[in-house]
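Remarks on the structure that follows.
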Amino acid sequence: MNILKIAAFSDGITGGNPAGVMITGTFPDDLEMQRIAAEVGFSETVFAVATGKGWRARYFSPESEVPFCGHATIALGAALALQHGDGAFALSLNQVDITVEGRRNGDTIAAALQSPPTRSQAAPEALVTAALALFGYAPADLDHRIAPALAHGGADHLVLVLNSREKLAAMQYDLGKGRELMNKAGLVTILLAYAETPRLFHTRNPFASGGVYEDPATGAATAAFAGYLRDLEWPHGGAIDIVQGEDMGMRSCLRAEIPPASGASIKVSGTARVMHELV
């Protein structure tokens with residue numbers, strides 16, 4: 001049972017978000033996949049099995065299965081490129097079909113995913129109030145140009161955009177209370193963001209629902225956020241760049257390409273680096 005350890009959305013040969021990747025002939029049973037994910041200990045481990053038309057993929061955090069994980073998908077694309085050569089790979093998830101690309105480039109692998117369709121809506125006031133209290137923020141700390149929202153790009157996220165980089169850097173919360181809030185609201189993560197420019201954002205992603213305090217790079221939330229910016233008619237110019245994980249010492253770089261059609265798939269890309277193989 002070999003599990004690759006790959007950091008997705010790396011900053012060259014450093015940083016990125018580690019994911020476990022297990023490519024196997026048949027899936028272990030659900031309890032075994034959950035056990036493996038907990039033992040690996042990363043925010044997600046992806047399990048993939050070849051089908052006639054591509055790959056069936058499932059994602060597990062240390063505490064639960066999740067419907068979609070961006071950084072683990074990028075890691076899977078890198079692993080497939082290493083095993084089968086550069087190219088695009090069709091993935092069948094629990095609820096939707098997507099694609100991922102992987103292309104080797106020296107010490108890293110360039111990878112890109114096409115997200116599931118996106119959608120967004122205004123966040124309920126009670127949820128926003130509870131989330132602000134969780135992090136110790138006040139309504140005055142929010143950027144009024146990008147209202148709090150529920151955003152979806154394969155998984156559900158609450159989006160809170162702050163009006164200063166310093167407030168983003170100061171993010172802290174109680175993991176148990178965060179888990180309770182996210183599970184009650186059906187959220188996978190809460191995306192906290194700061195707009196340095198209309199096309200450059202700094203983000204942080206508490207992932208208490210999966211038992212993880214913070215993710216250093218979150219492709220699913222980036223896709224959902226990009227879709228929300230499109231819905232807002234934000235001046236994104238067709239793409240945004242995301243810097244995440246910097247406050248954790250794990251700087252990660254993500255790019256989201258935003259087509260004009262409402263709800264259309266977002267292309268999220270970055271680099272990946274192989275860390276080592278777990279046996």
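Note: the hydrophobic cluster containing I258 also contains L232 (ILVMFWY, side chain heavy atoms under 4.5 Å, direct or indirect links). Placement of V268 and V66 within a single hydrophobic cluster is found when ILVMFWY residues are connected by side-chain heavy-atom separations under 4.5 Å, directly or transitively. M171 and V161 are members of different hydrophobic clusters when ILVMFWY side chains are connected at heavy-atom separations under 4.5 Å. Both L132 and L192 sit in one connected hydrophobic cluster of ILVMFWY residues. Membership requires side-chain heavy atoms under 4.5 Å apart, directly or through other members. Cluster annotation: F68 is not connected to L150 through the hydrophobic network of ILVMFWY side chains, with a link wherever side-chain heavy atoms come within less than 4.5 Å.
Side-chain atoms of C253 and F9, non-hydrogen and from C-beta on, never get closer than 4.5 Å to each other. With contacts defined as side-chain heavy-atom distances shorter than 4.5 Å, the pair Y194/E166 does not qualify. Side-chain contact between F225 and I266 is absent, with no heavy atoms from C-beta onward closer than 4.5 Å. Within the 4.5 Å cutoff, no side-chain heavy atoms of I23 are placed close to those of L4. Contact check for L254 versus D241: no side-chain heavy atoms found under the 4.5 Å cut-off. Taking 4.5 Å as the limit, some side-chain heavy atom of E44 sits within range of a side-chain heavy atom of H71. For the pair D11 and T271, the minimum side-chain heavy-atom distance is 4.5 Å or more. Here the side chains of Y228 and R119 are not in contact, with every heavy-atom distance at 4.5 Å or above.
Between A72 and Y59, the shortest heavy-atom contact is CB-CD2, 3.9 Å. Summarising the geometry of A193 relative to L168, their closest heavy-atom pair is N-CD1, 4.2 Å, with the distance given to 0.1 Å. Closest of all the heavy-atom pairs between R199 and A239 is NE-O, 3.1 Å.
Judged purely by atom type and a 3.5 angstrom limit, Q34 uses its side chain to pair as donor or acceptor with the backbone of S64. With hydrogens and angles ignored, the 3.5 Å screen pairs a side-chain donor or acceptor of D174 with a backbone N or O of K177. Within the 3.5 Å criterion, the main-chain N or O of R104 finds a donor-acceptor partner in the side chain of D86. A side-chain donor-acceptor contact under 3.5 Å links W234 to the backbone of P198. In terms of modelled atom types and a separation under 3.5 Å, the side chain of S164 and the main chain of K167 share a donor-acceptor contact. T197 places a side-chain N or O within donor-acceptor distance of the main-chain N or O of L200, the cut-off being under 3.5 Å. In this structure, R230 contributes its side chain and A261 its backbone to a donor-acceptor pair below 3.5 Å. In this structure, S92 contributes its side chain and R56 its backbone to no donor-acceptor pair below 3.5 Å. In terms of modelled atom types and a separation under 3.5 Å, the side chain of N17 and the main chain of A217 share a donor-acceptor contact. Remark: side-chain polar atoms of S10 are paired, donor with acceptor, to backbone N or O of G12 under 3.5 angstrom.
The line from CG of L93 to CH2 of W55 is 14.5 Å long, rounded to the nearest 0.5 Å. Note: T222 OG1 to L191 CG = 6.5 Å, rounded to the nearest 0.5 Å. Interatomic distance, S43 OG to E63 CD, rounded to the nearest 0.5 Å: 12.0 Å. Within the model, atoms CG of L127 and CG of L181 stand 6.0 Å from one another, a figure rounded to the nearest 0.5 Å. Atom OG in S265 sits 7.5 Å away from atom CG in L113 (nearest 0.5 Å). Separating the NZ atom in K267 from the CD atom in E257 is a distance of 5.0 Å, to the nearest 0.5 Å.
With a 6.0 Å radius and a threshold of 12 heavy atoms from other residues, nucleotides or ligands, D107 has its CG atom at or below the threshold. Counting heavy atoms of neighbouring residues, nucleotides and ligands inside a 6.0 Å radius, atom CD of Q172 does not exceed 12 of them.
We find that E65 and R58 are joined by a salt bridge, their nearest charged nitrogen and carboxylate oxygen being less than 4.0 Å apart. A salt bridge does not link R204 to E246: none of the charged nitrogens lies less than 4.0 Å from a carboxylate oxygen. The residues R35 and D29 are annotated as not salt-bridged, no charged nitrogen and carboxylate oxygen being separated by less than 4.0 angstrom.
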Evaluation steps, side chain to side chain donor-acceptor pair (under 3.5 Å), between S209 and N183: CA-CA 6 Å; S209 67; N183 287 342; 4.7 Å; no
Derivation of the side-chain contact (heavy atoms from CB on, under 4.5 Å) call for F27 and M33: CA-CA 8 Å; F27 286 118; M33 285 191 284; 3.8 Å; yes
Verdict with reasoning, T99 to L91, per side-chain contact (heavy atoms from CB on, under 4.5 Å): CA-CA 5 Å; T99 60; L91 304 181; over 6 Å; no
Verdict with supporting geometry, N205 and I190, side-chain contact (heavy atoms from CB on, under 4.5 Å): CA-CA 6 Å; N205 262 97; I190 295 176; over 6 Å; no
Residues M182, F207; criterion side-chain contact (heavy atoms from CB on, under 4.5 Å); working and verdict: CA-CA 8 Å; M182 292 185 204; F207 181 32; 5.8 Å; no
Pair Q244-H202, side chain to side chain donor-acceptor pair (under 3.5 Å): steps then yes or no: CA-CA 6 Å; Q244 190 179 333; H202 299 263; over 6 Å; no
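Between the side chains of T14 and R251, no donor-acceptor pair of N or O atoms lies under 3.5 Å.
Listed by chain and number, the residues in a salt bridge (Lys or Arg N to Asp or Glu O under 4.0 Å) with D231 amount to none (sequence neighbours excluded). Residues passing the ring pair (Phe, Tyr, Trp, His ring centres under 6.0 Å) test with F135, sequence neighbours excluded: Y173.
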